[in-house]
Amino acid sequence: MVAPFYQDLGTPARQSATDVTLEIDGVSVTVPAGTSVMRAASLAEIPVPKLCATDSLEAFGSCRLCLVEIDGRRGTPASCTTPVEPGMKVHTQTDKLAKLRKGVMELYISDHPLDCLTCSANGDCELQDMAGAVGLRNVRYGYDGENHTHLEKDESNPYFTFEASKCIVCSRCVRACEEQQGTFALTIGSRGFQSHVSAGVEENFLESECVSCGACVNACPTATLNEKTIIEAGQPNREVLTTCAYCGVGCSFKAELQGDKVVRMTPWKDGKANHGHSCVKGRFAWGYATHKERITKPMIRAKITDPWQEVSWEVAINHAASEFKRIQAKYGRGSVGGITSSRCTNEETYLVQKLIRAAFGNNNTDTCARVCHSPTGYGLKTTFGTSAGTQDFDSVHEADLIMVIGANPTDAHPVFASAMKHRLREGAQLIVVDPRRIDLVRTPHVEAQHHLQLMPGTNVAVINAIAHVIATEGLLADQYIAERCEEADFKLWLDFIKKPENSPEATEAMSRVPAAELRAAARLYAGAKNAAIYYGLGVTEHSQGTTTVMAMANLAMATGNIGRRGVGINPLRGQNNVQGACDMGSFPHELPGYRHVSDDITRKLFEDAWGVTLDPEPGLRIPNMFDAAIDGTFKGIYVEGEDIVQSDPNTIHVQAAMAAMECVVVQDLFLNETASYAHVFLPGSSFLEKDGTFTNAERRISRVRKATPPVNGLADWEITMALSNALGYPMTYTHPSEIMDEIARLTPGFKGVSYALLDGLGSVQWPCNDAAPLGTPTMHIGGFVRGKGKFMITEYVPTEERTGARFPLLLTTGRILSQYNVGAQSRRTHNSMWHDEDVLEIHPFDAENRGIRDGDRISLNSRVGEITLPAKISDRMQPGVVYTTFHHPETGANVVTTDFSDWATNCPEYKVTAVEVRQTNQYSDWQANNDDFRVQTKRIATAAE
Amino acid sequence: MDDSKRLVTMANQIAAFFKPYAEEDAIKGTYDHLIQFWDPRMRVKMIAHVEAGGDGLSPIALAAAKLLKKPASAA
Ligand code: SF4
Ligand code: SF4
Ligand code: SF4
Ligand code: FES
């Protein structure tokens, strides 16, 4: 339950070029054609009583409470389902209507438990409001008749309850699940008095298809569907608007509080990325912020085998600074560096790279985007001129053909997936390119026209083959190419792509995609009016990740699908602020705004602003830092918010690198796996405890607002400032808005961005500058940012990671809905009820060959390491391909992934590892040793002075 | 772990991307990439590897690596 009566206009807005003027209770109102009488009345501040209508859902017309009288019409039509007409004269308050409405309410109330005073929805119940609105004073039918008040409560879902006795069968929940979420988990069973809501075929919520997005709970006008936190704590008394800290969709939320305690996170209706929708993570999985394992005091230790000693902030910061200075004096300026996470705000990330460049005096700064979307930056900058996706999310509503490549939106970007499914249900066509049969391939009322189920590692071959079909079958957008792309590069590309080795028939042997199906998919893409590509880490995390990004860009240019709504190349970013972390100059070769450190003009700009001399040479990227650490030239690191030991590939190599360093400073909420190698631990603050901004996958900058005080005492930007000051480079910001002002001064694409602007607009998509003061939803309209689009030759070069007799299977890794990345946050919530360990999905054929049954513990081996985990028999992959997730540190999925990486960016090749599996009944050596090591290195000594 | 072997693999991967272009452009593309993305100590190591014979480098990678000069600020 969410919106108070006066905010809910009853039915959704309509867009129309035609306006209609009508009269409601004598008041003249003008609205777009297609608007309902109910909405028109609400806009004129004449709210009509309602129960089954809400403006997030299409009208249904079942409760009969919203009746009105219209001059010249017989009867009393429902205002929610009646569209406005010119000159209409509507009456919302007549004696007849009052009587009818009272009668309807009497029926509802006679079958409703009247425990309002003790009900969890007291004060936030539309049934209660309506009883008041229609002036109900007594119930003629009494309360003794047959009713539903004895029905049992379903408390199986960890986050909300379903109390059937309070249900008024308005079907708002059912419609929310269908229209907003697209899961179709709920039904209204039976008819008449027997009708009732149920999750699936009479299962409880937990066992049903429900994905816990919370849409039905928002939509429910009564206490039937209610958050457990509200049942326990009662109604909130204040709210703070902020942004989800999980995935790259960047949903807007109202943090609802009682004093300093968050009691509910409600998706914000006006949020431009989510339009009032959410997924289980942002909506419910925020309890980690107050989890008992959270570290709130700074700690230091001499050796990683020593127990941690709690110390004051001053002692911890000074110790870290003196160690970094000692190391630089001994091993050289370039012997230290730092890493931020895409979970940090823009302002925090900016400050850390500034500290590294200005206080450390080198460019050894990197971000976890290195291991996810760095190829996107490189590939799109080369071809189009900007390192970012081309569209806003809403653009999907105008796509006629959607191609999803190497992404699993229903699990990793659920709210955007719901928007996409909505469009697909409206008739847009779908091509999925993925080694695994992701849910989107077939989900209620959505079915992909083509699933090109390629072998991991063959993306480039498949995208090239699609382009080959387009180029050889006369499907190129000749005029677009002639007008908008570099001619010489196009010609080179055309000669290349037409070669027979790029044909679907030639690539079929390696990709296993049937040539005829690929040809059909290519024709569909080229023939669509608006074709849009959405992709994820299944594209980037390969040794040819950057090449695939360029190949997709070629495809879009070749068919004229860039530069307007409904089309484009759209990276689905994994974490909340991947885009922002890249924008903020976190990469070792680029200053904020993607300007190379060797560019004298840019360096001068920053040197003048920061009062230091900057290093013109690129610094180390994360994998290079590890290599240099093992080599003995890199000795100290400052890691903010990122768990490199769990998330980076080839764990054993990473652990050796970490162990070789002399000073590791970790700033985080929890003692994560990286903290096991740390000498200084600086407790971080959660997104609820600080101000800042996140930039989502559509370049949308949204505010993060402080809802509660930081339990560790300092916001992360304050900690970085303290470290910089102790290193001798002064930073004196008093609020993150001042950091954003500095970013805006120094970065052309952010010139117009300020907290004042964000407060006014809600959010803004960069570029936001004099040319686009309100931001830029669609890029490259009328011309590319780089001038003309540049086709690149994208030859398929197979990865050196090959299967063979020892390692005959290919492992690919991914994510699931309820967990997030390394799981540091989501594992510390009830979300673990859905996924409490990583499992290996294996095809029945491969399992049978090895005598493996569902649930067996198996050993997973690659040339770099071995782990054990349970098997799950699944035919989502082809035979020969196995799949797992990396959410749990005990499993250590990255012990088996290798250090092969993308040629251009060193983004690791997580998606292709040659492996073998066999039955086992014990943990691997790494797991057994690591378990002991984790226990030993996480010990905290009793408070020391 | 043999660090120069890893650098050789990385340089060869870069060269393999540029290989379909005319040889001169491929060498330049590879060289530019090394200059723009490799930290000076990696380039110094590569120079040493080339001086020691450049074992394992593809022709384009070798030609590009030969153009590398010792960076002034090698840490
Ligand atoms: S929580 Fe979401 S998925 Fe589950 S029943 Fe409600 S609307 Fe459907
Ligand atoms: S559960 Fe709530 S939203 Fe669903 S039908 Fe019942 S009262 Fe309406
Ligand atoms: S995790 Fe992503 S989709 Fe879910 S609420 Fe947060 S931002 Fe939205
Ligand atoms: S609100 Fe119109 S029929 Fe229920």
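Residue numbering restarts at 1 for every chain, and letters A, B, ... go by the order of the sequence lines. Worth saying up front: this structure is predicted, and the values here are computed from it rather than measured.
- For the atom pair N906(A) CG and R6(B) CZ, the distance stands at 6.0 Å (nearest 0.5 Å).
- A side chain to side chain contact (heavy atoms under 4.5 Å, CB included) with P20(B) is found for exactly one of D495(A), I793(A), V797(A), T794(A), namely I793(A).
- Within the 4.5 angstrom heavy-atom criterion, no atom of Q544(A) approaches chain B.
- Of the atoms belonging to L492(A), it is side-chain heavy atoms, and not backbone ones, that fall under 4.5 Å from chain B.
- In this structure, the side chain of R41(B) does not engage the main chain of A628(A) through any donor-acceptor pair within 3.5 Å.
- The candidate from F18(B), F37(B), W38(B) with the greatest count of non-hydrogen atom pairs under 4.5 Å with chain A is F37(B).
- In this structure, D39(B) does not pair ionically with R621(A), as no charged nitrogen and carboxylate oxygen lie closer than 4.0 Å.
- Here the OG atom belonging to S4(B) is positioned 9.0 Å from the CG atom belonging to D631(A), to the nearest 0.5 angstrom.
- Neither the backbone nor the side chain of M625(A) has a heavy atom closer than 4.5 Å to any heavy atom of chain B.
- Surrounding NZ of K28(B) are at most 12 heavy atoms belonging to other residues, nucleotides or ligands under 6.0 Å away.
- Listed options N362(A), N363(A), L620(A), D902(A) were ranked by heavy-atom pairs under 4.5 angstrom with chain B; first place goes to L620(A).
- Using cut-offs of 30° and 60° for the angle between ring planes, the H33(B) and W903(A) rings count as tilted.
- Atom OG1 of T547(A) sits about 9.5 Å away from atom CD of Q13(B), to the nearest 0.5 Å.
- When the shell of 6.0 Å around CD of E501(A) is examined, it contains more than 12 heavy atoms from other residues, nucleotides or ligands.
- Looking at S543(A), both its backbone and its side chain come within 4.5 Å of chain B, counting heavy atoms on both sides.
- More than 12 heavy atoms of other shown residues, nucleotides or ligands fall within 6.0 angstrom of atom NZ in K325(A).
- Here the straight-line distance linking atom NE2 of H596(A) with atom CD of Q36(B) works out to 4.5 Å at 0.5 Å rounding.
- Side-chain contact between R43(B) and P618(A) is present, with at least one heavy-atom pair separated by less than 4.5 Å.
- Of the atoms belonging to N364(A), it is side-chain heavy atoms, and not backbone ones, that fall under 4.5 Å from chain B.
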Please test Y21(B) against E795(A) for side chain to side chain contact (heavy atoms under 4.5 Å, CB included), starting from the C-alpha separation and ending with a verdict. CA-CA 10 Å; Y21(B) 286 91; E795(A) 191 169 87; over 6 Å; no

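- Proximity to chain B (any heavy atom under 4.5 Å) is shown, for F634(A), by both the backbone and the side chain.
- Taking 4.5 Å as the limit, some side-chain heavy atom of N624(A) sits within range of a side-chain heavy atom of M10(B).
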